[in-house]
Each structure stands twice: as C-alpha cells, then as structure tokens.
**Q** 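Dropping the structure in here first, questions after.
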Amino acid sequence: MGSRLTISTPNDYDLVRDVCSYGYFVLAPNHWDTKKHTLTRPLHLEEGPATAVITQTGKGKLRASFDRILSREEQAQARAQITRMLRLDEDESHSKQFHGVDPRWKKSGRARLFRSPTLFEDVIKTVTSCNVAWPSTVNMNKQMARHLGQKGCFPTAARVSRTRVGTLRGRCRVGYRDQRIVDLAKLFHKGEIDEAWLTDRSTDDDDVFTFLKSLPGIGPYAAGNIMMLLGRYSRLAIDTETVRHGKAALGLKGTDRQIIKKLEKHYEPFGEFKFKSYWFELWTFYEDYQGPSETWDREETATAFTAANF
DNA sequence: GGTAGACCTGGACGC
DNA sequence: GCGTCCAGGTCTACC
C-alpha cells in the first residue's frame, strides 16, 4: 500500500469538469477513467516515478493515492505538480472575476483549463500539436512516454536533451519537430527558461509573448497557447480551428485574414480572459458533437477528432 | 512587412 | 493493398 495525500481545493473545484476542460487531459501519460471519474498520472519525483490516482472525495477535497510510499519531500513535490496540473492555484475569486466578465459560464462553473505538471511538458505538448491532425498529437505523446519516459512518465528535459533526433523521429513519430524538441529540452535543462519570470504577474504579457516566439518551434499560435498554459489569458492562440469556429459557430464571413480580424474584435470585450471565453465556446462546440468531455477516451478521440468529422 | 515553399505524418480517397 | 493527395504551424529565403 502506498501513500495517500488529501489535497484541499478551492470550494468551486470540480474534478470532472475541471480536468476534462482542455485536450491535454487525454494525452499520455494522463489517463482519465471515463467510468470511475479518476485521473491516473505517473509523476517524476525525487526517488523515481510514482503513479497517482486522483479522485474527488467531497467539496473542496481531493485524494491522491500513490503506488508506493513517498518521502516527506516527495509528498511536497507531488502536491506542487498536482496543484499545477489541476490549476488549484486559481481560487474562487479568480473564477468569479472571469464569470463577471463572461457570465455565460457562471451556471456550469467552467473557469479552469487543465494543464501539465510541468511547464516543459506543456511546451512540448504544444509543439506536438502544431501542424498536425489530433491523431498524430495523440501518437507523438504516447510514443514519447513509452520510449523516453521512465516507467511511463512524460520524459524529463534532461532525458530529451540527451536523445538523438533520429530516435525522436523514428520511434516517437515527431517528424521534422525532432531537432526543435531536443533544442527546447536543452534550453530547459540548462536553466535558460526562467519560469519564475514567465509566471511573475509583474512581467508584461507582450514581453512573455515575444520571448516565447524566440524559442525553437514556437510561432504565434504556440506562443499564444503557452501563455494560456502559464495562466495568461489575454491573447488567443489562432489556428485553423479558430477560423473554422469563427465561420461555423459565429457565422463570420470573408477571407481567413478578415475572419481573424473579426475574431480579435469579437473577443476584445473579454479582456484579460479572452482565451477562456474563446476556449469554452469551442469546447461546447466539441461537446455538442462528441458528447460530454468526461466520456472522451484517448483512443476514441484519436479517431473521432479529425478535421473531417467537424 | 508580406509571401512562397519546404518540412513530416497519417487520414482520406481512388484504383 | 497500394499510391497519391491533403491538412496542419513554423521557418527560411526572398521581394
């Protein structure tokens, strides 16, 4: 029997709703159990990998059960990673502020977007989502966890920085992203990505955006997406899905360039929460087609979430 | 500052 | 079952 941690959450936290809120929850090594409503996730800790099964035990309370005993230090590390992943740092007042700006989500309570236990994983997952259909993103993450991750964990920056580009391409099927992924891992491993500066509220959004765009493999879309993952929601991450959403859900007309301008204008009133307003609109559209997100299974989304199905 | 073409994978489609 | 086409965001070279 392993360690069990009780984790306090904001009162409005809902594990089912708040985990199943962004596509990364179905990407390896995350496993969402669609029946038991638990999140299983292997974490890198000081003495090696440990897998957590996270369940909601009541209002404001989660339980994380591990497959081995954790030291005191490891318990603190696990808490920190789970807090980041589940966005437990965004308290009720943050949700209320968002719902004040965009009341459409007040009833459902949607306010948080699932992310990864580390910024490195978020950045690599973003790169694997660029210029590919969703099934390839699913596969790249699955293969990286399988071939490079210790006991099924997502690989660390140190491990990826030592990996040959041919291995990433051949085994993990990342294609031309191979060199960019290794270069990003080296930057993280050498400590050249200053996470404290990126998350500091006094750092300007424009400066963060400019810095992110200077990283290998990160363009305007990826930088906008990583800003969301850093908790900065003042920008959109515009890709072909955004344009499709503008046409299909908002009825916008014109060339892609014109539609993008109209989208920027459409989301302008949501100010600091633009990304959330956009994302929950898009998410609702996906749920209308595929059913509630808590019923989505990784393998099913890999086949169901193709452009042809939208 | 704007744009064309290359990059790689996997799904869709035609035969 | 095989071959071909296409979608997807970033990067480089060029105007």
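Proteins come first, then strands; the chains are lettered A, B, ... in the order of their sequence lines, and each starts at number 1.
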**Q** Using whole Å, report how far CZ of A/Arg173 lies from C1' of B/dG11.
**A** 14 Å
**Q** Specify the separation, in whole Å, of atom CZ of A/Arg244 and atom C1' of C/dG9.
**A** 17 Å
**Q** Report the distance from atom CD of A/Gln143 to atom C1' of B/dC8, rounded to the nearest whole Å.
**A** 16 Å
**Q** Does A/Thr240 make a side-chain N or O approach to OP1 or OP2 of C/dA7 shorter than 4.0 Å?
**A** no
**Q** Between OG1 of A/Thr284 and OH of A/Tyr289, what distance do you get to the nearest 0.5 Å?
**A** 13.5 Å
**Q** Looking at every strand, decide which applies to A/Asn139 at a 4.0 Å heavy-atom threshold: base, sugar-phosphate, or nothing.
**A** sugar-phosphate
**Q** Using only heavy-atom distances, determine whether the side chains of A/Thr83 and A/Arg79 contain a donor-acceptor pair under 3.5 Å.
**A** no
**Q** What integer distance in Å separates A/Asp239:CG from C/dG9:P?
**A** 5 Å
**Q** Can you check the A/Met140 CE to B/dG11 P distance for me, whole Å?
**A** 11 Å
**Q** Anything under 30° is parallel, anything over 60° is perpendicular, the rest tilted; go ahead and classify A/Phe273 against A/Tyr233.
**A** parallel
**Q** I'd like to know if the side chain of A/Asp122 pairs up with that of A/Ser116 as donor and acceptor (distance under 3.5 Å, no hydrogens or angles considered).
**A** yes
**Q** How long is the gap from OH on A/Tyr286 to CG on A/Leu282, to the nearest 0.5 Å?
**A** 4.0 Å
**Q** Could I get a table of every N or O pair under 3.5 Å where one atom is in the protein and the other is in nucleotides 11-14 of chain C?
**A**
{"unit_1": "C/dC11", "atom_1": "OP1", "unit_2": "A/Gly217", "atom_2": "N", "d": "2.5"}
{"unit_1": "C/dC11", "atom_1": "OP1", "unit_2": "A/Ile218", "atom_2": "N", "d": "3.4"}
{"unit_1": "C/dC11", "atom_1": "OP2", "unit_2": "A/Ile218", "atom_2": "O", "d": "3.4"}

**Q** For a quick check, tell me whether the side chain of A/Tyr176 and the base of C/dG9 share a donor-acceptor pair closer than 3.5 Å.
**A** yes
**Q** Starting at CD of A/Glu281, measure out to CH2 of A/Trp283 and round the result to the nearest 0.5 Å.
**A** 14.5 Å
**Q** From A/Lys261 NZ over to A/Thr255 OG1, what is the distance, rounded to the nearest 0.5 angstrom?
**A** 9.5 Å
**Q** Could you state the atom-to-atom distance from CD of A/Gln179 to P of C/dT10 in whole Å?
**A** 18 Å
**Q** In whole Å, I'd like the distance from the CZ atom of A/Arg171 to the P atom of B/dT9.
**A** 15 Å
**Q** Working to the nearest 0.5 angstrom, can you tell me the gap between A/Phe211 CZ and A/Leu198 CG?
**A** 6.0 Å
**Q** Would you please test A/Arg17 and A/Glu294 for salt bridge (charged side-chain N to carboxylate O under 4.0 Å, His left out) and show each step?
**A** CA-CA 7 Å; A/Arg17 179 196 63 204; A/Glu294 67 260 28; over 6 Å; no
**Q** I need the CD1-P distance between A/Ile238 and C/dT10, as an integer number of Å.
**A** 11 Å
**Q** Each nucleotide N or O in nucleotides 3-5 of chain B that has a protein N or O under 3.5 Å away: list the pair and distance.
**A**
{"unit_1": "B/dT3", "atom_1": "OP2", "unit_2": "A/Arg257", "atom_2": "NH2", "d": "2.6"}

**Q** Does a side chain donor of either A/Asp207 or A/Thr210 reach within less than 3.5 Å of an acceptor in the other side chain?
**A** no
**Q** Compute whether any side-chain donor of one residue and acceptor of the other, for A/Asp33 and A/Thr40, lie under 3.5 angstrom apart.
**A** no
**Q** Any residue in residues 122-131 of chain A with a heavy atom nearer than 4.0 angstrom to DNA chain C? Just list them by number, or reply none.
**A** A/Cys130, A/Asn131
**Q** Taking atom types as modelled, find out whether A/Tyr221 and A/Thr240 have a side-chain donor-acceptor pair closer than 3.5 angstrom.
**A** no
**Q** With a 4.0 Å cutoff (strictly under), does any side-chain N or O of A/Arg177 reach OP1 or OP2 of B/dC8?
**A** no
